[in-house]
Each structure stands twice: as C-alpha cells, then as structure tokens.
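Below is one structure, written out as structure tokens; the observations come after it.
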Amino acid sequence: MSHSIIASQLDAQANQILREQLADHEIIDIAADQLALDAPADVFILRPINVRGQRIDSPPPGWPWGLKWVQLVSSGIDFYPDWVFQGAPVTTGKGANAEQVAEFALALLFAAAKRLPGLWVKDTDWQLTPLAPLHGRTLGILGFGSIGQSLARKATALGMRVLAMSRPGQAIAEVPGVVRAADLRQLFAGSDHLVLAAPLTPATRGLIDHQVLAHARPGLHLVNIARGGLLDQQALLDALDSGLIGRASLDVTDPEPLPAGHPLYHHPRVFLSPHTSAISEDGYPAFLEAFISNFHRYREQAPLANLVDTARGY
C-alpha cells in the first residue's frame, strides 16, 4: 500500500499532531461543514453531520469516493445519516472522551449534593444550609461502557454505592464495588443519583418513559450525559412536577438545541448544559492516540478497533 491521504475535519492543532506522528502520510484539512474531497483520500475523519437542526439525508456526489476507511469523531453514530455507513468500513471514537464525560457527570452530582451554584452568597444574608453527602449514597448507572466504568471507579473512591445496568445481553464489566441491577425498576428504585450513559439505538430511544420513572426513588437526581433521545422529556417534566424526580441535570436534549420557550429551559429543578461534557480544552489527545493505533492496524490490513455495527446501532 502506498502512502495514505487522510482527510480530516479535526481542528488545525489536531491535524498538525497527526502530521508529526504520521510523517510518511498526507493530512488534508477539511472544514467541519465540507462534504466534498478534492484529493484522492483513502481515510476520512468525519465530524457529526446531522446536528443543530441540520439534516443531510442524501450523500454527496460520488460518495464514498475512493475511501477505504471512515473514522467518526464521536462515540455514537446517531448524528450521522445512513449513507455514511454505505461504503467503506466505519469506526467510532468510542472511549476517547470517557474520562472527561465521567468527570462532568461527577461534577453534576457534587453540584446537586452541595447545592451549587445557589449556595454562593452575594450579600450579608447568610443562611446556614444543610448539605447532602455523596459518601454512602447510591449512584445508579445505565450503560456500563467506558464512561459508565470510569464514573463507577470515581464514585466508589468517594465511598458511594454503585448500582449499574448495561444494555440488554451485555454483562457488567468487573469493577470492584459495583452491584448489577436486575432491571430498570430496581435501578431507579435503588438510586439517589442516576446517570444515563447508554448509547442511543432503536431499542433505547424513549426507554426512560412514564412507566420507568414511576419506579424512581422519590427525589431522585436524574443525569443525562448520553443522548436526549433516551429520555421521554414530557415524562420527565411530569415526574419533576409531581416531585418524584427532585432534580434533572441534562447535558443532552432532543432536539438540540431545544426550541425557544421549551419548558425544560424554565423548570426550576432542571439544569441544562449545551452538550459540552465531551469537549476538552486539551483537544483530542485520547482520540488521536486511538486513531493512530487504529491507523497502524489499517496499514497492516489488520482488523480495525471500534467498528460500527449498524444492526446493533453503535
């Protein structure tokens, strides 16, 4: 195989790192909104396409060109149209942002337990406020991939009990101190804080609905750092209004962004962030390391890691 041409929608700094690490190959900068290649690239690093109300359901002319491998920047595949998977093998960035997303989820737990940012004072009206501990509380985790496992290790180090459930048919990874939940009912009934970290697939879309939320421990803090489509948002609002759910911390919604005036913007116990938990000021170090390792497999014609299974949905 001659040298490779890698078309990359990563930022300039990340692409420069690729040039330094893969000096025998060519890296072409491609704008994030560009879906056309002027060079005979064999590898394409592709950002999410169907985001912020945009949909491109027809492939660009000539797709998949001469590509032999498509690398997605994200872990999930739901932000990419079907035509992306019709051609060259596709791999995901699974696991590359696990640590920073887990840290963000943990920060949301601390914010809820310690009443932040509402606790800060700006005048002389000081009110002594009892604060909840995390130590001894139970964290539920739905989805026990890289993010769920990282979060579980952090939570057990703080003295939390961890109750976890993976996607159907997948065993829970062995993480010390983690107990497997038998079903969603047990997971929701047994948790003080519950983090959604499962992939969005046809089987999981709308999974957390009225029926599931009805089993929640009263006052449950529900965190979603996965995908908005996992959660029936009207069911969540109803559970918040009834007091069954005490607080919802959402880094993701469906759609993104929510339309102006949506009730989730204004509910006093909903805390929204703009799908930012995976974005690091350090850039893409873990992603680049994984990509370069996979690139060497590609050059050796060995099986690629993190191949997409469209039937499975991730």
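We count residues from 1, following the sequence as given.
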Could you pull out all residues at least two apart from R161 that satisfy salt bridge (Lys or Arg N to Asp or Glu O under 4.0 Å)?
-> none

By salt bridge (Lys or Arg N to Asp or Glu O under 4.0 Å) - contacts of D232 (at least two apart) = none

Check the pair L134, M160 against side chain to side chain contact (heavy atoms under 4.5 Å, CB included), reporting the backbone distance first and the verdict last.
-> CA-CA 6 Å; L134 289 182; M160 298 188 78; 4.1 Å; yes

Full working for side chain to side chain donor-acceptor pair (under 3.5 Å) between D42 and S4 = CA-CA 6 Å; D42 54 305; S4 284; 2.9 Å; yes

Could I get the full list of side chain to side chain contact (heavy atoms under 4.5 Å, CB included) partners for R312, not counting sequence neighbours?
-> D309, Y314

Would D254 and R227 pass as an ion pair if we require N to O under 4.0 Å?
-> no

CD of Q13: more than 12 outside heavy atoms within 6.0 angstrom?
-> no

For A7 and A41, which heavy atoms make the closest approach, and how far apart are they?
-> CB-CB, 4.0 Å

Shared ILVMFWY cluster between V252 and Y265, side chains joined below 4.5 angstrom?
-> no

Quick check: are there more than 12 heavy atoms from other residues, nucleotides or ligands sitting under 6.0 Å from CD of Q34?
-> yes

Sub-4.5 Å side-chain heavy-atom contact between L151 and L139 = yes

Is L258 linked to F271 within one hydrophobic cluster, defined over Ile, Leu, Val, Met, Phe, Trp and Tyr using a side-chain heavy-atom separation of less than 4.5 Å?
-> no

Would F110 end up clustered with L116 when hydrophobic side chains under 4.5 Å apart are linked, directly or stepwise?
-> no

Side chain to side chain contact (heavy atoms under 4.5 Å, CB included) between Y284 and D11: does it pass, once the steps are laid out?
-> CA-CA 9 Å; Y284 301 89; D11 58 37; 3.5 Å; yes

Expected output: side-chain Q71 to main-chain T92 donor-acceptor under 3.5 Å = yes

So, does T91 use its side chain to make a donor-acceptor pair with the main chain of P89 at under 3.5 Å?
-> no

Does E256 use its side chain to pair, donor to acceptor, with the backbone of R52 at less than 3.5 Å?
-> no

Side-chain donor or acceptor of D251 paired with backbone N/O of H275 under 3.5 Å | yes

For L106 and K154 the tightest heavy-atom approach is CD2-CB, 4.1 Å

Step-by-step side chain to side chain contact (heavy atoms under 4.5 Å, CB included) determination, L10 to L18 = CA-CA 10 Å; L10 298 175; L18 288 178; 4.3 Å; yes

Counting only heavy atoms not in Q211, do more than 12 fall under 6.0 Å of its CD?
-> no

Charged N to carboxylate O below 4.0 Å: is that the case for R185 and D183?
-> no

Can you establish whether the number of heavy atoms outside D38 located under 6.0 Å from its atom CG is more than 12?
-> no

Side-chain heavy atoms under 4.5 angstrom apart, residues restricted to Ile, Leu, Val, Met, Phe, Trp, Tyr: same cluster for L244 and V195?
-> no

Do R55 side-chain atoms and N50 backbone N/O form a donor-acceptor pair below 3.5 Å?
-> no

How close do R297 and A305 get, heavy atom to heavy atom, and via which atoms?
-> NH1-CB, 3.7 Å

Just say parallel, tilted or perpendicular for the rings of H221 and H193, cut-offs at 30° and 60°.
-> perpendicular

With a 4.5 Å heavy-atom cut-off, do H296 and L22 have their side chains touching?
-> yes

Judged by atom type as modelled, is there a donor-acceptor pair below 3.5 Å linking the side chain of Q9 to the main-chain atoms of D33?
-> no

Kindly say whether W83 contributes a backbone atom to a donor-acceptor pair with the side chain of W63 at under 3.5 angstrom?
-> yes

Would you mind reporting whether H135 and L158 have side-chain heavy atoms less than 4.5 Å apart?
-> no

Should we say atom CD of E174 is surrounded by more than 12 heavy atoms from elsewhere, each under 6.0 Å from it?
-> no

Taking side chain as C-beta onward, heavy atoms only, is Q149 less than 4.5 Å from F144?
-> yes

Look up atom CZ in R299 and atom NE2 in H25, then write down how far apart they are to the nearest 0.5 Å.
-> 4.5 Å

If you group Ile, Leu, Val, Met, Phe, Trp and Tyr by side-chain heavy-atom gaps below 4.5 Å, do I279 and L250 land in one group?
-> no

Are the side chain of T204 and the backbone N or O of L207 linked by a donor-acceptor pair below 3.5 Å?
-> no

Take F291 and I6 through the test side chain to side chain contact (heavy atoms under 4.5 Å, CB included) and record every step on the way to the result.
-> CA-CA 11 Å; F291 172 78; I6 302 170; 4.1 Å; yes

Is the side chain of Y80 donor-acceptor paired with the backbone N or O of L46 at a distance under 3.5 Å, no angle test?
-> yes

S150 and A102: which non-hydrogen atoms are nearest, and at how many Å?
-> OG-CB, 3.4 Å

Heavy-atom side-chain proximity of L222 to L231 below 4.5 angstrom = yes

State the OG1-CD distance between T276 and Q100, to the nearest 0.5 angstrom.
-> 10.0 Å

Looking only at non-hydrogen atoms, find the nearest pair between A88 and L67 and report the distance.
-> CB-O, 3.5 Å

